[in-house]
Asker: 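Dropping the structure in here first, questions after.
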Amino acid sequence: MRTVICNSIDSFWDMAENQFLEGHNVHCVFTVTDKVKYLMKIYQQKYRINQITFTEVFD
């Protein structure tokens, strides 16, 4: 299974809306809020993304 790395929320939205993420896993390496995660889950269903994971950043 392929994993697409997204460096920004903008790249995630663009790739999802252009159906580049369909059938793939996505790993996000940018900071997101719970609200953004919720919106991304909606995109996950709408654009048939297998799984979305996030890098945990510790201060």
Side-chain angles (χ1 to χ4, degrees):
M1 188 67 47
R2 288 188 176 186
T3 299
V4 177
I5 307 297
C6 290
N7 292 319
S8 70
I9 190 67
D10 291 329
S11 66
F12 175 83
W13 298 141
D14 289 342
M15 287 192 285
E17 289 175 350
N18 288 296
Q19 299 178 334
F20 294 135
L21 303 178
E22 185 173 326
H24 298 299
N25 295 326
V26 174
H27 183 73
C28 300
V29 294
F30 53 90
T31 305
V32 294
T33 62
D34 288 337
K35 185 176 181 178
V36 172
K37 280 185 183 181
Y38 175 77
L39 292 172
M40 292 173 81
K41 293 291 182 183
I42 293 170
Y43 265 59
Q44 181 179 7
Q45 293 175 349
K46 182 176 180 180
Y47 294 107
R48 299 185 192 123
I49 300 167
N50 288 340
Q51 181 181 15
I52 302 174
T53 56
F54 304 90
T55 295
E56 297 284 331
V57 177
F58 299 98
D59 291 328

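Residue indices begin at 1 and follow the sequence shown.
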Asker: How long is the span from the CZ atom in Arg2 to the NE2 atom in His24, to the nearest 0.5 Å?
Answerer: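 Here the rounded value is 6.0 Å.
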
Asker: For the SG atom of Cys6 and the CD1 atom of Ile52, what is their distance to the nearest 0.5 Å?
Answerer: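 That separation rounds to 8.5 Å.
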
Asker: Would you check if Tyr47 and Met15 make a side-chain contact, meaning some heavy-atom pair closer than 4.5 Å?
Answerer: no

Asker: Can you give me every donor-acceptor pair (side chain of residues 26-37, partner residue at least two apart or in another chain, under 3.5 Å) with its distance?
Answerer:
| residue | atom | partner | partner atom | Å |
| --- | --- | --- | --- | --- |
| His27 | ND1 | Thr53 | OG1 | 2.7 |
| His27 | NE2 | Thr55 | OG1 | 2.6 |
| Thr33 | OG1 | Val36 | N | 3.2 |

Asker: Distance from Glu17 atom CD to Gln19 atom CD, nearest 0.5 Å?
Answerer: 10.0 Å

Asker: Do Met40 and Trp13 come close enough that some side-chain heavy atom pair is under 4.5 Å?
Answerer: yes

Asker: If every non-hydrogen atom of Gln44 is compared with every non-hydrogen atom of Gln51, which pair is closest and at what distance?
Answerer: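 Distance-wise, the nearest heavy atoms are NE2-CA, 3.6 Å.
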
Asker: Is the shortest side-chain heavy-atom distance between Asp10 and Phe12 below 4.5 Å?
Answerer: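 No, side chains not in contact.
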
Asker: Please tell me if the side chains of Tyr38 and Ile42 come closer than 4.5 Å, counting only heavy atoms from C-beta onward.
Answerer: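 They are in contact (side-chain heavy atoms under 4.5 Å apart), so the answer is yes.
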
Asker: Grouping I, L, V, M, F, W and Y whenever their side-chain heavy atoms are under 4.5 Å apart, do Ile5 and Phe20 come out in a common cluster?
Answerer: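 No, Ile5 and Phe20 fall in different hydrophobic clusters.
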
Asker: Got a donor-acceptor contact below 3.5 angstrom from the Asn25 side chain to the Asn50 backbone?
Answerer: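 Looks like no, no N/O pair under 3.5 Å.
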
